[in-house]
Structures are given as C-alpha cells and as structure tokens.
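Read through the structure below, which is laid out as structure tokens, and then see the notes.
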Amino acid sequence: GENVEQHPSTLSVQEGDSAVIKCTYSDSASNYFPWYKQELGKGPQLIIDIRSNVGEKKDQRIAVTLNKTAKHFSLHITETQPEDSAVYFCAASITGNQFYFGTGTSLTVIP
Amino acid sequence: SAVISQKPSRDICQRGTSLTIQCQVDSQVTMMFWYRQQPGQSLTLIATANQGSEATYESGFVIDKFPISRPNLTFSTLTVSNMSPEDSSIYLCSVDAGTDAYEQYFGPGTRLTVT
C-alpha cells in the first residue's frame with residue numbers, strides 16, 4: 001500500500017518567516033494530495049489540496065507544490081502568524097476514498 | 001464544506017465495556033469514514049460506510065470490534081466493543097462532501113480513554 005513520510009516532525013519559526021513541510025509518497029498511482037491543519041482538541045481542517053495534473057497551487061499565504069517524478073509534495077506557509085501554530089498533516093490518495101496520512105508536523109510560530 | 005458533529009466529545013470508559021459514537025452531518029453525503037488517531041499519532045482509516053451497505057473495513061480492523069451503522073445519508077455510528085486501554089484514542093468521522101468528490105471534511109473527534 002501507499003506509504004507517506006513527512007518531515008520535519010517539529011518546526012519552529014519566527015513570526016513573519018516562512019515555513020516549509022515536505023512529504024514523500026511511494027505509490028505513483030496516487031493522484032490527490034490534501035493538507036490538513038489540526039489545532040489542539042479539534043478535528044483536522046482541510047487547508048489546501050492538489051491534484052496530480054497540477055504542479056503548484058496557492059491560496060493567499062499557503063501554497064502546495066507537487067513533483068510527480070520525485071514523488072514528493074510540499075506545503076509552504078509565508079508570513080507566518082501565531083495562529084498558524086498547529087499540527088499539519090499531509091495525505092495521499094489514489095481513489096479519493098482511502099487517505100494515507102503522514103505522521104504530522106507540529107509547527108510553532110514564535111511571536 | 002459540511003458541518004459535522006460528533007457525540008460524545010469525550011468519555012472515560014471501563015475496560016470490557018462498549019461505547020457508541022455518533023456522527024451527524026448537516027447535508028446528505030454519499031460516503032462517511034471513521035478514523036482513529038492514537039495520542040500524538042497520525043490518522044488511520046478504520047472503515048468506510050456507505051448508506052444501505054455493509055461498511056468496508058481496513059486491514060487490522062474487524063466488524064466485531066468496531067461495528068458501524070449507516071442508517072441514512074446524514075448519520076453514522078461507530079461502536080468500540082469490549083474496550084481495552086489500547087483503544088484509548090481520538091475517533092474521528094469524516095465525510096466526502098465537496099463538489100470535488102475527493103475532498104474529505106472531519107468532525108471534531110471523540111476522545112476516548114479506557115481505564
């Protein structure tokens with residue numbers, strides 16, 4: 001089955017700096033890659049996603065890039081704010097039903 | 001996106017007992033999913049529930065331990081049976097509710113502690 005690795009497991013940045021989280025996947029058939037933000041005591045919230053026919057997608061301060069050849073995708077958060085502090089999960093899916101999640105990145109934005 | 005609620009939000013249960021978790025969504029959805037998130041860990045899919053059919057379980061999860069009901073297009077339940085401390089986790093339901101069928105939205109989760 002699919003195997004998703006995520007790095008780093010923890011990340012601390014100064015407010016205003018950028019944060020980058022990277023994921024790799026093993027199954028070249030995967031074609032959907034969502035990113036979720038999970039705040040303490042809450043369920044994961046979909047923040048951005050990308051399909052395999054697209055190389056990059058942006059939504060305000062958040063962007064995701066996908067390299068199908070290398071089988072990796074990344075989340076980029078610019079101009080970080082304290083409210084960006086949370087655990088971020090990447091995932092990969094072939095069918096859109098079964099999601100394989102990465103192990104999570106705990107992001108701390110230091111004011 | 002869909003608005004999803006779960007009941008209870010948390011519970012402390014004794015080993016050997018069972019707990020039923022409810023998931024309610026504010027719109028009709030085709031597919032509902034149940035995940036387990038062990039403390040500090042990632043999310044693992046337990047099963048997929050379609051209305052009118054038996055749930056499909058992932059490897060390592062069985063119906064006798066995690067029976068699921070899906071009586072209509074807005075509601076599902078997950079029962080954690082004969083609980084042991086290893087079942088202490090957050091249980092999350094999600095729904096396939098976007099105009100793009102690949103999107104999944106999660107409920108707030110049920111935090112279960114088994115003593």
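Below, chains carry the letters A, B, ... as their sequence lines are ordered, and counting in each starts from 1.
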>> Using heavy-atom distances under 4.5 Å, tell me whether B:Gln6 contacts chain A through its side chain, its backbone, both, or neither.
In response: neither
> Is the charged tip of B:Arg70 near the ring of B:Phe75: under 6.0 Å from the six-membered ring centre and within 45° of its axis?
Replying inline: no
> For B:Leu45, is it the side chain, the backbone, both, or neither that has a heavy atom closer than 4.5 Å to a heavy atom of chain A?
Replying inline: side chain
> Under a 4.5 Å heavy-atom cut-off, does chain B meet the side chain of A:Tyr100, its backbone, both or neither?
Replying inline: neither
> Checking A:Gln6 against chain B: side chain, backbone, both or neither under 4.5 Å from a heavy atom?
Replying inline: neither
> What about the rings of A:Phe99 and B:Tyr35, do their centers lie closer together than 6.0 Å?
Replying inline: no
> Out of A:Pro44, A:Gly102, A:Gly104, which one racks up the most heavy-atom pairs below 4.5 Å with chain B?
Replying inline: A:Pro44
> Stepwise, does the side chain to side chain contact (heavy atoms under 4.5 Å, CB included) test hold for A:Leu107 with A:Val13?
Replying inline: CA-CA 8 Å; A:Leu107 173 64; A:Val13 299; 4.1 Å; yes
> Which pair of non-hydrogen atoms, one from B:Ala47 and one from B:Ala55, has the smallest distance, and what is that distance?
Replying inline: CB-CB, 4.5 Å
> B:Phe61 and B:Trp34: aromatic ring centres closer than 6.0 Å?
Replying inline: no
